[in-house]
Amino acid sequence: MEGRGRCFTAALKNPLPQSFYLKDDTIAIAKSLLGKVLLVRGEDGIWAGGWITEVEAYNGAQDKACHAYGYKRTQRNQAMFKRGGCAYVYLCYGMYYMLNVVTNEVDEPHAILIRAIEPCWGIEAMMQRRKQKKVSPQLTAGPGRVTQALGITKQHNEAPLWGPDIVISAKGALKVEEVVTTPRIGVHYAKEDALLPYRFYIKNNAFVSKPLYPKY
DNA sequence: TTCCCGATTTACT
DNA sequence: GTAAATCGGGAAA
């Protein structure tokens with residue numbers, strides 16, 4: 001991995017431990033993921049990544065917006081029932097993959113959706129995958145854009161977050177000055193739970209998604 | 001088996 | 001502002 005600087009290697013070799021994901025407080029884990037380094041080896045074998053700038057918490061069986069509401073198990077959501085520290089990847093709208101971080105203990109189906117990153121490593125690969133000519137928020141701001149830029153597909157489902165294909169690390173992380181909290185995007189079907197303040201992003205960071213249809 | 005709809009994005013009119 | 005792309009989950013028939 002030439003030409004990516006010391007931070008890339010340091011992050012790759014120092015992933016967050018599994019214990020980071022096991023606490024019974026997915027909201028707190030979601031906020032603390034902001035600024036952390038996310039690195040992914042795409043299907044083509046090329047590494048790319050950057051800093052996590054926007055996330056949403058899906059707070060387990062009592063959260064109506066969560067795929068595992070009421071402990072409902074399906075083929076799709078089985079990754080959420082695993083012990084925290086692996087990826088939950090699923091196909092949305094038949095064409096975009098969503099990347100989630102699974103948290104909490106076995107059979108407690110919590111997850112955190114990665115909605116945006118600030119690109120840092122493998123930018124050429126990301127622009128090629130996204131068919132973009134320059135770096136802009138369109139490259140990686142939005143959950144479908146993140147997975148497309150990083151080369152994530154369903155083959156990353158249930159992948160551990162300490163490698164070999166996905167790594168989340170505090171090494172080289174951004175210092176986060178201020179966090180903005182809002183309701184989640186696109187979960188109107190969850191009725192009263194749609195208003196829960198479970199979306200978090202880094203204030204004043206350009207690489208944050210803008211809701212197409214603002215509802216609040 | 002049929003049907004509706006989604007944790008989205010993009011390209012139109 | 002609105003619609004199309006595209007497919008798997010889950011409820012209904």
Side-chain angles (χ1 to χ4, degrees), chain A residues 26-27 29-31 33-34 38 40 43 52-82 84 86-104 108-117 119 126-158 161 166 180-201 206-216:
Chain A
T26 299
I27 307 306
I29 299 172
K31 287 187 209 172
L33 277 177
L34 291 174
L38 169 64
V40 175
E43 273 196 316
I52 297 170
T53 54
E54 179 185 356
V55 296
E56 279 177 2
Y58 286 82
N59 202 27
Q62 83 265 20
D63 180 354
K64 288 183 178 172
C66 181
H67 288 167
Y69 175 62
Y71 291 102
K72 180 177 60 181
R73 284 177 187 262
T74 68
Q75 180 109 44
R76 178 175 66 167
N77 73 13
Q78 60 179 335
M80 296 182 83
F81 289 85
K82 300 191 72 169
C86 70
Y88 167 39
V89 179
Y90 71 94
L91 186 63
C92 187
Y93 289 98
M95 59 191 78
Y96 295 106
Y97 289 103
M98 302 287 116
L99 170 63
N100 294 258
V101 168
V102 175
T103 65
N104 219 304
E108 282 301 330
H110 295 232
I112 298 162
L113 173 68
I114 307 297
R115 287 194 57 90
I117 67 170
M126 290 194 270
M127 289 195 293
Q128 195 162 7
R129 291 165 179 151
R130 290 275 303 133
K131 299 180 171 40
Q132 303 272 310
K133 292 189 177 68
K134 57 180 185 179
V135 175
S136 80
Q138 286 193 70
L139 188 64
T140 54
R145 292 167 172 172
V146 168
T147 55
Q148 197 171 64
L150 295 177
I152 288 174
T153 69
K154 62 189 175 207
Q155 81 164 30
H156 292 92
N157 192 34
E158 301 191 9
L161 301 177
I166 304 180
V180 180
T181 302
T182 79
R184 293 170 291 189
I185 294 176
V187 295
H188 48 278
Y189 58 86
K191 299 180 181 174
E192 68 272 20
D193 285 356
L195 295 177
L196 291 171
Y198 285 175
R199 174 178 177 241
F200 309 101
Y201 62 85
F207 295 89
V208 170
S209 73
K210 292 193 172 83
L212 189 49
Y213 304 110
K215 291 201 173 61
Y216 43 85

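Numbers restart at 1 for each chain; the letters A, B, ... are given by sequence-line order, proteins then strands. Predicted model only: the values in this text are computed from it and were never measured.
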A.B. asks: Within the structure, does a side-chain N or O atom of Arg76(A) lie under 4.0 Å from either OP1 or OP2 of dC7(C)?
C.D. replies: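 Answer is no, no contact under 4.0 Å.
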A.B. asks: dT8(B) base stacked by Tyr93(A)? Criteria: ring centres under 5.5 Å, plane angle under 30°.
C.D. replies: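 It does: the two rings, one from Tyr93(A) and one from dT8(B), meet the stacking criterion.
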A.B. asks: Closest approach to the side chain of Leu91(A), judged atom by atom: which nucleotide of dC7(C), dT8(B), dG9(C) is it?
C.D. replies: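 For Leu91(A), the side-chain atoms sit closest to dC7(C).
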A.B. asks: For Asn100(A), answer base if it contacts any base atom (sugar-phosphate contacts may also be present), sugar-phosphate if it contacts only those atoms, and nothing otherwise; contact means non-hydrogen atoms under 4.0 Å.
C.D. replies: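 Contact class for Asn100(A): base.
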A.B. asks: Rounded at 0.5 Å granularity, tell me how far CG in Leu99(A) sits from OH in Tyr90(A).
C.D. replies: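 Rounded to the nearest 0.5 Å, the CG-OH separation comes out at 10.5 Å.
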A.B. asks: Is Arg184(A) positioned over the aromatic face of Tyr58(A), cation under 6.0 angstrom from the ring centre and no more than 45 degrees off axis?
C.D. replies: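 That pair qualifies as a cation-pi contact.
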A.B. asks: Would you call the rings of His67(A) and Tyr88(A) parallel, tilted or perpendicular, where under 30° means parallel and over 60° means perpendicular?
C.D. replies: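 Taking Tyr88(A) first and then His67(A), their aromatic rings stand perpendicular (interplane angle over 60°).
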A.B. asks: Under 4.0 Å, heavy atoms only, any strand: does Arg130(A) hit a base, just the sugar-phosphate, or nothing?
C.D. replies: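 Result for Arg130(A) = sugar-phosphate.
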A.B. asks: Looking only at side-chain N and O atoms, does His188(A) come under 4.0 Å of OP1 or OP2 in dG6(B)?
C.D. replies: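 It does, given that an N or O in the side chain of His188(A) lies less than 4.0 Å from OP1 or OP2 of dG6(B).
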A.B. asks: Do Val89(A) and Thr147(A) come within less than 4.5 Å of each other through their side chains, counting heavy atoms only?
C.D. replies: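 They are not in contact (no side-chain heavy atoms under 4.5 Å apart), so the answer is no.
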A.B. asks: For Met95(A), which contact category applies under a 4.0 Å heavy-atom criterion: base, sugar-phosphate, or nothing?
C.D. replies: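 Answer is base: heavy atoms of Met95(A) come under 4.0 Å of a base.
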A.B. asks: Ignoring the backbone of Arg145(A), work out which of dT10(B), dC7(C), dG9(C) is nearest its side chain.
C.D. replies: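 The answer is dT10(B), which lies nearest to the side chain.
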